[in-house]
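Fair warning: this is a prediction, and the values are worked out from it, not measured in the lab. Each chain gets a letter, A, B and so on, in the order its sequence line appears, and its residues count up from 1.
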Amino acid sequence: MYTLVARDAGAVLLQDADDAGVPTGAAERLQPDELAAAVAHREATLSTRWVFARATDWYPRWLRAGVTVARAHDLGLSGRILGHAQDAAASGYAPDPRLAPRTVDDLDGETAPDESQAALFDAALGAAPAGEQDPSAEELIAELAAQLDAVATSEHPGRLRLLLAAESAGALAGAEMHHAGLPFRADLHDAYLQRVLGPRVPHGQRPQKLQQLVGVLQETLGAPTLNPDSPQELLRALHRAGIDVATTRKGELARHSHPAIAPLLEYKQLSRLLTANGWAWQDAWVRDGRFRPDYVIGAVVTGRWATSGGGALQIPHQIRAAAHADPGHKLVVADAAQLEPRVLGAMAVDDALAAAARGRDLYAGVAERGFGGERSAAKVAMLGAMYGATTGEAGRLVPQLARSFPRAVALVEAAARLGEAGRPVSTHLGRSTPQAGPRLRAALARGDQPVLRAHGRFTRNFVVQGSAAEWAMSWLADLRRRLREQRRAARLVFFVHDELVLHVPDDEVDAVVAEVKAAAAAAAALLFGAGPDDFPVTVAVVDSYDQAK
DNA sequence: GTCAGGTGCGCG
DNA sequence: AAAGCGCGCACCTGAC
């Protein structure tokens with residue numbers, strides 16, 4: 001069954017509905033201060049799926065009030081998927097534009113998710129900001145019914161049902177991970193910054209070490225006023241010093257030998273640390289020993305999550321030692337090993353690839369069957385096939401891969417050909433690429449090959465990256481369910497594409513590790529009917545994040 | 001002063 | 001080394 005949550009003139013309506021979205025009984029009308037208890041009661045006594053226009057408008061406040069729920073249906077996230085889904089095209093379903101999910105851009109300009117704004121609304125648990133033109137309860141019920149109908153009449157109802165459930169569970173899990181936060185020791189981070197940059201200085205000033213490097217660069221390049229942050233100035237200075245580079249990228253710089261190169265590379269690295277993950281970053285994003293990024297569910301076209309603020313998906317290895325478990329706790333860091341090529345093999349029903357990879361390092365297995373045991377060649381070939389490499393070593397090796405694993409390679413080649421023709425492609429569970437935009441339509445009209453080939457590389461990768469995201473979301477959702485059912489104190493605290501971090505009391509570590517692996521096996525079985533050895537996860541039990549892999 | 005686009009680099 | 005996919009963010013730059 002479903003329970004729909006809707007705002008109604010300062011109050012909140014809870015409306016139960018059956019599995020087709022048809023209302024059962026009268027709506028319950030609650031004042032905001034009654035909502036937490038009512039939700040907790042229903043959650044404890046019924047097996048229902050909570051229906052939100054957008055979970056992100058409600059659930060963070062529920063969490064702050066101590067209320068959690070097991071299952072959800074997010075109409076905005078689901079509508080976006082169904083609106084594009086080729087498998088559901090026959091239903092004619094089109095999402096209500098008022099339900100459009102947030103994107104990373106929508107959050108631009110908002111400051112760090114401090115709790116002051118949250119506090120304003122805590123008193124009124126149901127009164128989310130904005131939303132004058134939000135759909136009414138009746139409209140939301142109609143939207144739910146339309147979505148369920150689009151799924152039921154689709155080509156693969158079971159798959160779309162899984163996809164929407166996983167996406168909606170992700171919305172709950174993302175809010176919960178923000179609420180829990182990644183344990184992060186500001187003192188360790190600060191000590192590291194001081195060690196490599198020098199004492200803290202006000203924002204906008206160069207710390208001692210950077211200032212010193214600028215002096216060295218100005219001297220060795222003979223450019224007394226050089227600002228190395230300006231690519232134009234830097235490029236001119238390099239040319240004057242006889243260093244013939246086309247760009248100022250570190251990879252190109254590293255190929256030259258000149259006294260200025262080493263200090264320049266060091267400057268770039270430290271400057272990056274200061275601006276991306278320095279003291280300003282810590283002030284903005286680390287509070288009370290936790291790093292709390294905003295997860296934006298499904299914000300990447302492929303279905304991957306994005307984050308807004310804090311660059312959470314790019315925490316450099318350099319500072320991961322500061323992500324440190326509380327006393328009496330461990331971090332359990334789990335990583336799905338070589339997820340994308342495994343997903344490709346499973347989707348393509350390429351039994352040779354599955355057999356080569358089963359229960360072991362995938363690239364080693366592939367290397368044995370077609371690359372004379374040379375793992376690095378197997379890896380380059382596999383990545384080249386998934387990304388659409390045409391030149392160099394990768395371009396040469398892909399055909400070799402195709403001889404041993406024809407089905408897997410044929411799947412990505414077919415996706416590329418469809419993309420080049422401007423046709424949509426879909427993931428395993430049925431997320432489809434968006435409709436062709438003006439740029440692609442123009443390229444199709446005038447036969448602009450470079451643009452069409454680029455789009456083919458996008459669709460080629462979309463089917464793999466998107467299906468891998470579905471596997472990862474199923475893993476996350478199943479693990480979350482297990483931890484709830486076992487009433488664990490362990491918390492999911494961080495997620496990045498194919499990797500999970502949990503904060504776990506010492507006495508739960510062994511049990512939680514087992515559940516992490518069991519959830520991966522469940523995801524493999526659910527999505528592909530595959531066995532646990534087909535999707536192995538590596539698990540590290542550590543005090544700090546840097547100790548994992 | 002604001003804004004969009006480019007560059008560069010971190011992550012998977 | 002980079003290549004071939006997907007991102008977010010800081011900074012610079014030129015246009016207004």
If you check every side-chain atom of [X], which of [options] has the closest atom?
X: A:Arg249; options: C:dA2, C:dC11, B:dC9; value: B:dC9
X: A:Asn461; options: C:dT13, C:dC5, C:dG4; value: C:dC5
X: A:Tyr387; options: C:dG4, B:dC9, C:dA2; value: C:dG4
X: A:Thr390; options: C:dC12, C:dC5, C:dG4; value: C:dG4
X: A:Asp229; options: C:dC11, B:dG8, C:dA3; value: C:dC11

Exercise. Got A:Tyr363 and A:Pro341 here, is their nearest side-chain heavy-atom distance under 4.5 Å?
Worked result: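 In short, these two side chains touch, coming nearer than 4.5 Å.
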Exercise. More 5' along DNA chain C: A:Thr302 or A:Ala394, using each one's nearest nucleotide?
Worked result: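 In this pair, the answer is A:Ala394.
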Exercise. Which comes earlier along DNA chain C counting from the 5' end, the contact point of A:Val301 or that of A:Lys250, where each point is its nearest nucleotide?
Worked result: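 Mapping each residue to its closest nucleotide by heavy atoms, the 5'-most match is A:Lys250.
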So does [X] get a side-chain nitrogen or oxygen closer than 4.0 Å to the phosphate oxygens (OP1/OP2) of [N]?
X: A:Gln232; N: C:dG14; answer: yes
X: A:Arg304; N: C:dG6; answer: no
X: A:His317; N: B:dC11; answer: yes
X: A:Thr248; N: B:dT7; answer: no
X: A:Thr391; N: C:dG4; answer: yes

Whole angstrom is fine here: how far is it from [atom1] in [X] over to [atom2] in [N]?
X: A:Ile315; N: B:dG10; atom1: CD1; atom2: P; answer: 15 Å
X: A:His497; N: B:dG10; atom1: NE2; atom2: P; answer: 16 Å
X: A:Asp498; N: C:dG6; atom1: CG; atom2: P; answer: 17 Å
X: A:Glu393; N: C:dA1; atom1: CD; atom2: C1'; answer: 11 Å
X: A:Tyr545; N: B:dC11; atom1: OH; atom2: P; answer: 10 Å
X: A:Trp475; N: B:dG12; atom1: CH2; atom2: C1'; answer: 13 Å
X: A:Glu252; N: B:dT7; atom1: CD; atom2: P; answer: 13 Å
X: A:Met473; N: B:dG12; atom1: CE; atom2: C1'; answer: 13 Å

Give one of base, sugar-phosphate or nothing for [X], where a contact means two heavy atoms less than 4.0 Å apart.
X: A:Val464; value: nothing
X: A:Ala254; value: sugar-phosphate
X: A:Leu339; value: nothing
X: A:Phe458; value: sugar-phosphate
X: A:Gly392; value: nothing
X: A:Arg320; value: sugar-phosphate
X: A:Gly310; value: sugar-phosphate

Problem set entry | A:Ser426-A:Gln86 side chain donor-acceptor pair, cut-off 3.5 Å |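 Note: A:Ser426 and A:Gln86 side chains miss the donor-acceptor criterion.
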For this session: Classify the ring geometry between A:Phe458 and A:His455 as parallel (under 30°), tilted (30 to 60°) or perpendicular (over 60°).
Result: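 A:Phe458 and A:His455: tilted rings.
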For this session: Quick one: closest heavy-atom pair of A:Tyr295 and A:Thr307, and the distance?
Result: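 Closest approach of A:Tyr295 to A:Thr307, heavy atoms only: CD2-CG2, 3.7 Å.
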Exercise. Nearest heavy-atom pair of A:Glu266 and A:Leu213: which atoms, and what distance?
Worked result: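 Nearest pair, atom of A:Glu266 first, then A:Leu213: OE1-CD2, 3.7 Å.
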Is the [X] to [Y] ring centre distance short of 6.0 Å?
X: A:His189; Y: A:Tyr192; answer: no
X: A:Phe528; Y: A:His428; answer: yes
X: A:Trp281; Y: A:Phe291; answer: yes

For this session: Please name the residue in the list A:Lys209, A:Arg206, A:Arg272 that meets the side-chain contact (heavy atoms from CB on, under 4.5 Å) test with A:Tyr267.
Result: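 With A:Tyr267 as partner, side-chain contact (heavy atoms from CB on, under 4.5 Å) holds for just one option, A:Arg206.
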For this session: Could you check which nucleotide pairs with C:dG4 in any of the strands shown, counting Watson-Crick or G-U wobble with both distances under 3.5 Å?
Result: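 Paired with no nucleotide.
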For this session: State the syn/anti category of B:dG5 according to its glycosidic angle, syn meaning within 90° of 0.
Result: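 Anti.
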Exercise. Which ones in residues 265-281 of chain A lie close to DNA chain C, meaning a heavy atom under 4.0 Å from one of its atoms?
Worked result: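 Residues of residues 265-281 of chain A under 4.0 Å from DNA chain C: A:Arg272, A:Thr275.
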